[in-house]
Undergrad: 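The following block contains the structure, expressed as structure tokens.
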Amino acid sequence: MARWTGTLLLCVTLLQILRMTTTFPKGAPESACEDMMPHHTGIKPQPGLAPYTIQVSVSSFETGVPVAVRIQGPDYGGLLLEARVPGSTNALGSWQVPPENTKFLQCSGNPQGAITHANINPKNKETVYMWTPTSSNCSIQFVATVAQDRQVYWLNVTSEMLRGRAAETGEGRLVLLSSLLLTLLSSR
């Protein structure tokens, strides 16, 4: 009987260790930065439309001016959140001090390039993430993987596109110069 109990205890211990190595209750691993996959062994993302949206405080941004970001929808336990140029996997800008139950994740060589969960405690629409752009020469959108729990998560939850003010100004100047050039050419 003692031998059977010892074997059972060993099996339970090994299963616990295996469970701990196949989930990430303390945040996404750096290996998730590019593909945003939580790497939960044997678990696939939910198909279809996510019950989450990413809400931002502005429609355009400028270098050094923080942008407030919220995940709207049901409470969630897990998160990986980055700012990216559409079509790129590089995390841009820098996140400010993470809210309770979250932490920084180094992505694209940037120690504050992403935000992830620090535990599986619930986060909700009241949780505000502050992102500071280090450049405003492009348009970006926020991209997230949001997990209700270990087995239920959605990939590629995105915000609306935000335009960098430097990019807007540059394009505005181009339109103005084009108009002036057309006016000059038509007056000849």
Side-chain angles (χ1 to χ4, degrees), residues 22-61 66-96 98-164 167-168:
T22 59
T23 63
F24 297 95
K26 294 184 180 177
E30 282 185 39
S31 62
C33 289
E34 287 187 29
D35 65 8
M36 304 288 286
M37 288 289 293
H39 302 284
H40 295 167
T41 303
I43 308 296
K44 296 194 183 290
Q46 296 297 302
L49 193 59
Y52 299 98
T53 57
I54 300 175
Q55 301 294 315
V56 295
S57 59
V58 295
S59 59
S60 63
F61 63 93
V67 174
V69 181
R70 294 176 192 248
I71 307 295
Q72 299 291 322
D75 287 2
Y76 54 97
L79 171 76
L80 176 55
L81 177 62
E82 297 179 17
R84 294 178 169 184
V85 170
S88 171
T89 59
N90 290 331
L92 301 176
S94 185
W95 294 93
Q96 293 184 0
E100 185 177 0
N101 300 314
T102 65
K103 65 182 183 178
F104 296 123
L105 179 65
Q106 180 170 316
C107 288
S108 305
N110 179 350
Q112 296 174 324
I115 292 283
T116 189
H117 55 285
N119 53 49
I120 56 172
N121 293 347
K123 295 108 184 118
N124 60 39
K125 63 185 177 185
E126 302 303 319
T127 306
V128 179
Y129 306 96
M130 297 299 293
W131 176 76
T132 303
T134 53
S135 171
S136 58
N137 291 327
C138 59
S139 293
I140 63 102
Q141 67 184 158
F142 294 97
V143 180
T145 295
V146 184
Q148 282 182 349
D149 56 48
R150 180 188 180 276
Q151 297 186 6
V152 180
Y153 69 91
W154 286 265
L155 282 176
N156 298 317
V157 177
T158 58
S159 71
E160 296 294 321
M161 191 75 63
L162 278 78
R163 297 185 55 82
E168 284 180 345

Undergrad: Measure the spacing between CZ of Arg163 and CD1 of Ile140 and express it to the nearest 0.5 Å.
TA: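 So the CZ of Arg163 and the CD1 of Ile140 are separated by 12.0 Å.
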Undergrad: Can you find a heavy atom in the side chain of Thr116 that is under 4.5 Å from one in the side chain of Lys103?
TA: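 Side-chain contact under 4.5 Å: yes.
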Undergrad: Counting heavy atoms not belonging to Glu34, are there more than 12 under 6.0 Å from its CD?
TA: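 Not more than 12 within 6.0 Å, no.
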Undergrad: So do His39 and Ser31 actually touch side chain to side chain, heavy atoms under 4.5 Å?
TA: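 Ser31 reaches His39 side chain to side chain.
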Undergrad: What distance do Leu80 atom CG and Thr102 atom OG1 have between them, rounded to the nearest 0.5 Å?
TA: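 Reported value, rounded in 0.5 Å steps: 12.0 Å.
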Undergrad: Let's go through Cys33 and Glu82 carefully: what are the C-alpha distance in whole Å and the side-chain angles of both, what is the deciding distance for side chain to side chain contact (heavy atoms under 4.5 Å, CB included) to 0.1 Å, and is it a yes or a no?
TA: CA-CA 8 Å; Cys33 289; Glu82 297 179 17; 4.0 Å; yes
Undergrad: Ignoring hydrogens and geometry, is there a side-chain-to-backbone donor-acceptor pair from Asn110 to Gly93 under 3.5 Å?
TA: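 Side chain of Asn110 to backbone of Gly93: a pair is present.
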Undergrad: Side chains of Leu81 and Trp131: closer than 4.5 Å at any heavy-atom pair?
TA: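 No, too far: nothing below the 4.5 Å cut-off.
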Undergrad: Enter the distance from Trp95:CH2 to Cys107:SG here, rounded to the nearest 0.5 Å.
TA: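 Trp95 CH2 to Cys107 SG: 11.0 Å, rounded to 0.5 Å.
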Undergrad: Under 4.5 Å between any side-chain heavy atoms of Thr89 and Arg84, yes or no?
TA: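 When only atoms from C-beta onward are counted, Arg84 and Thr89 do touch, with a gap below 4.5 Å.
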Undergrad: For Lys125, I'd like to know if atom NZ has over 12 heavy atoms of other residues, nucleotides or ligands within 6.0 Å.
TA: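 Incorrect, the count does not exceed 12.
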Undergrad: Could you please spell out the steps behind the side chain to side chain contact (heavy atoms under 4.5 Å, CB included) verdict for Met37 and Thr145?
TA: CA-CA 7 Å; Met37 288 289 293; Thr145 295; over 6 Å; no
Undergrad: Look only at the side chain of Tyr52 and the backbone of Ala147, and say whether a donor-acceptor pair between them is shorter than 3.5 Å.
TA: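 Such a contact is absent between Tyr52 side chain and Ala147 backbone.
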Undergrad: Could you report the tightest heavy-atom contact between Pro74 and Pro51, atom names first, then the distance?
TA: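 Heavy-atom minimum between the residues: CD-O, 3.5 Å.
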Undergrad: Can you give me every donor-acceptor pair (side chain of residues 152-162, partner residue at least two apart or in another chain, under 3.5 Å) with its distance?
TA:
residue: Tyr153; atom: OH; partner: Ile43; partner atom: O; Å: 3.1
residue: Ser159; atom: OG; partner: Phe142; partner atom: N; Å: 2.9

Undergrad: Are the side chains of Ile71 and Leu79 in touch, meaning some heavy atoms are under 4.5 Å apart?
TA: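 They are in contact (side-chain heavy atoms under 4.5 Å apart), so the answer is yes.
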Undergrad: Between Gly109 and Pro111, which heavy-atom pair has the shortest distance, and what is it?
TA: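 Smallest interatomic distance, heavy atoms only, reads O-CD, 3.5 Å.
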Undergrad: My understanding is that only residues two or more places apart in sequence, or in another chain, count here; which of them pass side chain to side chain contact (heavy atoms under 4.5 Å, CB included) with Glu100?
TA: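 Scan of Glu100 (side chain to side chain contact (heavy atoms under 4.5 Å, CB included), adjacent residues dropped) gives none.
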Undergrad: Using a 4.5 Å cut-off on heavy atoms from C-beta on, say whether the side chain of Leu92 contacts that of Thr134.
TA: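 With C-beta onward as the side chain, the pair stays apart.
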Undergrad: Please examine the side chains of Pro99 and Tyr129, heavy atoms only from C-beta on, and report whether any two atoms are closer than 4.5 Å.
TA: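 SC-SC contact between Tyr129 and Pro99 confirmed.
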Undergrad: For a quick test of reading the model, state the closest non-hydrogen atom pair linking Asp75 to Gln148 and the distance between them.
TA: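 Heavy atoms only, the tightest pair is O-CG, 4.1 Å.
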Undergrad: Is there a donor-acceptor contact under 3.5 Å from the side chain of Ser108 to the main chain of Ala91?
TA: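 At least one qualifying donor-acceptor pair exists.
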Undergrad: Once you round to the nearest 0.5 Å, how far does OH of Tyr76 lie from OG1 of Thr127?
TA: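 OG1 of Thr127 is found 4.5 Å from OH of Tyr76.
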Undergrad: Under the side-chain hydrogen bond (donor to acceptor under 3.5 Å, both in side chains) test, which residues partner Gln96, sequence neighbours left out?
TA: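 Listed in chain order: Thr132.
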Undergrad: CD1/Ile120 to CG/Asn101 distance, rounded to the nearest 0.5 angstrom?
TA: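 Output value for this atom pair is 10.5 Å.
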Undergrad: State, with a plain yes or no, whether a side-chain heavy atom of Glu126 is found less than 4.5 Å away from one of Arg70.
TA: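 Answer yes - side chains close enough.
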